[in-house]
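All remarks here apply to the structure that follows.
No experiment lies behind these values; they were computed from the predicted model shown. Heavy atoms only: backbone and side chains are in, while hydrogens, waters and symmetry mates are out. Whatever order the structure lists them in is the order used to number ligands and atoms, beginning at 1.
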Amino acid sequence: PACREGGMATGERCEIGMKIDRKCKRMEEVMEKRFAELKALVAEIHDLKAALALLEWDQQVYLPAGAENGRAAQIETLSGVIHAKSTAAKLGKLIETLEPADYPEDSTERALLTRLRRDFAKKNKVPAKLVSQLARTTAEAHAAWVRARQAADYTLFAPHLARIVELKRRYAELFAPSASIYDPLLDDYEPGMTAAELDRIFEPLRREQAGLVRQLADRPADDAFLHWKFNGASQLAFSREVVKKLGYDFRRGRLDLTVHPFTTSFGLSDVRITTAVHAELPVSCLLSTVHECGHALYEQGIDPALDRTPLAEGASYAFHESQSRLWENQVARSLPFWRFFYPAFQKRFPKQLGEVPLERFYRAVNRVVPSEIRTEADEATYNLHIMLRYELELGLLEGRIPASELAGHWNAKMQEYLGVTPRNDTVGVLQDIHWSLGDFGYFPTYALGNLIGAEIWNAACRTVPGLEEELARGNFRVLLEFLRRRVHCHGAKYEPPVLLEKITGRRSIDSEQFLTYLKGKYSAL
Ligand code: ZN
């Protein structure tokens with residue numbers, strides 16, 4: 001029988017057994033119903049993930065020491081529920097029957113379906129056995145990493161890392177063929193990015209940045225005043241004042257103290273940040289807070305219509321980092337920023353800074369010091385820390401570097417790129433948590449974030465008249481409004497290259513604009 005409403009049969013059959021075509025009213029109703037069902041399932045998963053994130057936030061911020069085991073059990077249970085719901089056959093069937101191409105090209109529906117298809121297909125390629133092996137192996141490896149750090153002895157961690165690398169190789173092979181074993185891992189953080197593309201981007205960056213650092217590292221220091229004691233409560237109060245002025249919405253978020261600063265979100269109506277205070281590093285608290293504020297401004301600016309879907313997040317890890325880096329570096333390490341904020345900062349610390357003029361303070365804040373630790377690195381050295389990690393993890397995965405020999409390779413590359421040899425493994429190869437958690441392919445997104453941040457900053461300078469003068473007057477709104485309109489509101493609706501093209505006019509990332517920014521900044525210092 002031909003469909004009553006549509007007339008023209010296409011050979012498909014609708015739910016009541018009629019042949020239908022695209023214009024069939026009955027089919028449209030069915031699709032609408034299915035789409036609503038899908039959205040409800042997706043929203044349920046989203047809410048459960050938000051509850052899990054809240055448990056984890058609480059674990060970092062408030063949890064009493066004796067509550068650790070109970071919390072671990074709660075997190076495991078909830079994670080299991082989320083995994084079951086995200087891989088359920090019912091969800092898969094809905095995703096399969098709703099065709100993205102049936103929705104208008106630029107529509108949210110199409111973007112959502114494309115994204116759900118991609119995530120579901122990826123998840124379903126991974127056997128449950130490998131998932132649980134990875135979970136168990138990384139839990140043990142993380143504990144071993146903590147012990148190895150305490151003992152400053154990489155050899156305690158090496159056998160665990162070898163097992164993780166083996167499992168990650170097996171994971172990547174599920175997505176064969178890929179040009180590089182690294183590509184499927186990278187794709188988990190930066191959709192569509194490849195090792196070949198990274199090599200193209202990183203090659204000139206490595207060369208030029210290492211050269212720049214060699215030039216800058218010899219400049220004499222004039223920053224003794226930054227190493228006196230600065231009251232922690234005053235630092236925190238100042239950081240709070242700054243992020244409020246930058247546009248962070250405290251009605252939909254809060255700022256707390258943790259050992260390692262981070263941003264987390266429980267849906268678009270609650271995006272929280274944390275920071276850390278060090279009495280002898282007075283700008284570190286401010287820069288960390290502004291960094292996390294940059295992540296949070298991104299999430300607070302996403303179109304509320306996307307809430308409770310997987311599109312209610314940043315376009316990618318690199319895009320997220322571009323926002324935190326832009327506010328941290330192009331804004332909070334800039335002269336216009338300090339023209340506005342320095343008098344207030346000086347007033348809080350008259351003993352330490354009362355006699356220090358703005359220009360001297362600004363030069364001290366931007367001093368280039370090649371150091372062992374990535375998270376303390378300045379703008380000139382930061383990417384070198386990242387490229388070193390990328391090369392080493394690629395070597396591990398390709399089998400060129402045995403896990404047992406990683407520390408030696410680490411120290412050699414640190415010397416080559418930064419002229420620094422770590423004092424011990426804790427401040428060397430063991431400094432980052434990522435590998436102990438199995439996060440391979442994550443590090444490059446930090447450097448890509450710096451590059452994208454510089455490109456977006458240039459786009460803002462071209463679009464907003466007198467941007468730097470506005471910032472020096474304390475008008476941070478103009479920048480936030482540009483980012484809201486061009487970056488934030490879209491959430492994850494567009495693939496990263498598409499979004500980049502919408503903002504900057506160019507699809508591919510390159511290091512040129514970042515390097516021009518960096519050279520310009522340091523030649524003026
Ligand atoms: Zn970040």
### Task
Could you pull out the atom name of the N/O/S atom in Glu321 that is nearest the Zn ion (ligand 1)?
OE1

### Message
Closer than 2.8 Å to the Zn ion (ligand 1): does that hold for any N, O or S atom in Glu292?
### Response
no

### Query
Is the distance from the Zn ion (ligand 1) to the nearest N/O/S atom of His291 under 2.8 Å?
yes

### Task
Heavy atoms only: give me the nearest Ile302-Ala312 pair and the separation to one decimal.
CD1-C, 3.8 Å

### Query
Ignoring hydrogens and geometry, is there a side-chain-to-backbone donor-acceptor pair from Asp223 to Ala364 under 3.5 Å?
no

### Task
Check Leu430 against Trp145 and note the closest heavy-atom contact, atom names and distance.
O-NE1, 2.9 Å

### Task
Check whether the side chains of Asp187 and Tyr182 place a donor and an acceptor atom closer than 3.5 Å, and report yes or no.
no

